[in-house]
Number of protein chains: 2
Amino acid sequence: MAGDTRDRMIDATVEALRRRGVAGMSFTEVLRDSGAARGAIYHHFPGGKGQLVAEAASRNGRDVRANLAALPADDPLALVESFLALIRPVVECSATGSGCAVAAVTIASGEPAENASLREVAATAFASWTDALAARLRVSGLAPDAATDLATTLLALLEGAQVLCRAEGSVAPFDRMTRTALDLTRTRYAAR
Amino acid sequence: MAGDTRDRMIDATVEALRRRGVAGMSFTEVLRDSGAARGAIYHHFPGGKGQLVAEAASRNGRDVRANLAALPADDPLALVESFLALIRPVVECSATGSGCAVAAVTIASGEPAENASLREVAATAFASWTDALAARLRVSGLAPDAATDLATTLLALLEGAQVLCRAEGSVAPFDRMTRTALDLTRTRYAAR
DNA sequence: GTCTATACAAAGATAGAC
DNA sequence: GTCTATCTTTGTATAGAC
């Protein structure tokens with residue numbers, strides 16, 4: 001098939017970004033994991049590493065966004081609870097070294113032009129996640145401003161938890177954080 | 001002087017870690033910024049890149065911990081407010097590409113042995129930050145468990161905000177997150 | 001202890017046969 | 001479109017003069 005190789009290369013790149021970041025990742029690794037040949041890189045991605053990484057981060061951004069948009073929105077508290085339940089498996093991966101691909105793309109290492117382009121991709125992905133979460137929070141009854149603020153907070157918690165859990169090699173930081181988050185949200189948004 | 005060169009090299013490494021991460025950072029950069037000669041690296045750091053990076057992350061960990069331990073602890077709400085005020089300038093640096101040096105050390109790229117060692121350094125630093133924050137929260141009146149949970153949450157917010165603000169190139173995500181954090185903390189811990 | 005010069009490996013990028 | 005082979009650059013690591 002045609003686009004199959006290209007697809008597998010992007011998938012392998014997402015995984016490589018998660019584990020090693022853009023500077024730490026290598027074509028050797030991507031080619032090994034995708035089974036593609038060396039020349040396939042510049043055939044499918046004339047822009048080289050920058051283009052491959054950008055497409056990988058972009059795909060990951062869309063995938064995650066779809067998950068967030070499908071969250072139940074009965075009320076704010078339920079949404080926070082289901083958000084935390086949704087991301088726990090993701091954070092568990094961080095405990096074994098697999099972080100956020102979009103966050104990884106944030107770290108600059110090359111020339112300003114390429115960096116700006118990659119940061120733009122990351123910013124777009126994060127914005128789409130914030131928007132998806134905020135939309136659900138509005139549906140659940142929150143005012144627009146409060147929804148955006150809380151959505152950003154939840155996203156910061158997700159990204160932060162991945163960092164802490166990767167360092168500690170366990171989900172314990174996430175679970176501690178979850179207790180506080182639920183405690184605070186219940187106090188504030190309980191439909192009592 | 002004797003330890004001066006070594007010190008400047010560590011400082012330059014902290015800065016390099018913040019901007020480019022461990023895989024993206026190079027000796028060339030560190031030598032340029034510290035004014036040291038090429039041979040100085042293995043003279044002062046026989047363990048090579050691994051040792052230099054570990055010492056840099058470790059120093060940064062101690063510095064940040066000292067700042068956290070000095071936070072006023074009149075009551076939980078005041079502590080959260082002063083924590084957010086303390087970290088805002090740090091997060092502002094993220095908007096121009098300078099992230100958390102300890103978080104950077106978390107990303108594996110080389111052989112398992114070196115990776116484990118660096119993750120250990122990061123875990124120790126994060127644990128010391130959590131402990132410092134939790135200690136202040138206990139002084140401010142929180143129960144031990146609640147203090148540890150909230151400390152972890154604040155740390156996750158700090159790390160997450162740096163990621164989001166670096167991607168977006170502005171402090172706006174931090175400010176949104178701050179509004180929610182203050183709103184929730186006031187509702188929960190207001191000394192009314 | 002500080003510096004210059006260099007060895008060695010790995011990465012990204014290309015060329016061109018099939 | 002896919003593959004092999006290779007060029008060029010960069011980075012880590014080391015040797016040895018001063």
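So that the names make sense, note that chain A is the first sequence line, chain B the second, and so on, each numbered from 1.
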Check the distance between [N]'s [atom2] and [X]'s [atom1] and give it to me in whole angstrom.
X        : N      : atom1 : atom2 : value
Asp4(A)  : dT2(D) : CG    : C1'   : 14 Å
Arg32(B) : dC3(C) : CZ    : P     : 17 Å
Arg6(A)  : dT2(D) : CZ    : C1'   : 16 Å
Leu31(A) : dT4(D) : CG    : C1'   : 13 Å

Does any N or O in the side chain of [X] come within less than 3.5 Å of the main-chain N or O of [Y], such that one atom is a donor and the other an acceptor?
X         : Y         : value
Arg166(A) : Gly97(A)  : yes
Thr180(A) : Asp149(B) : yes
Ser34(B)  : Val30(B)  : yes

- request: Indicate for each nucleotide in nucleotides 4-18 of chain C, in 5' to 3' sequence, whether protein heavy atoms under 4.0 Å reach the base (B), only the sugar-phosphate (S), or nothing (-).
  value: BB-----SBBB----
message: Between Glu55(A) and Arg6(A) (salt bridge meaning N to carboxylate O under 4.0 Å), is one present in this structure?
response: yes
query: Same cluster for Ile107(A) and Leu118(B) if Ile/Leu/Val/Met/Phe/Trp/Tyr side chains link at under 4.5 Å?
result: no
task: Report yes if a side-chain nitrogen or oxygen of His44(A) is closer than 4.0 Å to either non-bridging phosphate oxygen (OP1 or OP2) of dT2(D); otherwise report no.
output: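 For dT2(D), OP1/OP2 do have a side-chain N/O of His44(A) under 4.0 Å.
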message: Holding to ring-ring contact (aromatic ring centres under 6.0 Å, His included), I want the full list of residues that pass it with Phe174(A), two or more places apart in sequence or in another chain.
response: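 Partners of Phe174(A) by the ring-ring contact (aromatic ring centres under 6.0 Å, His included) criterion come out as none, since no residue qualifies.
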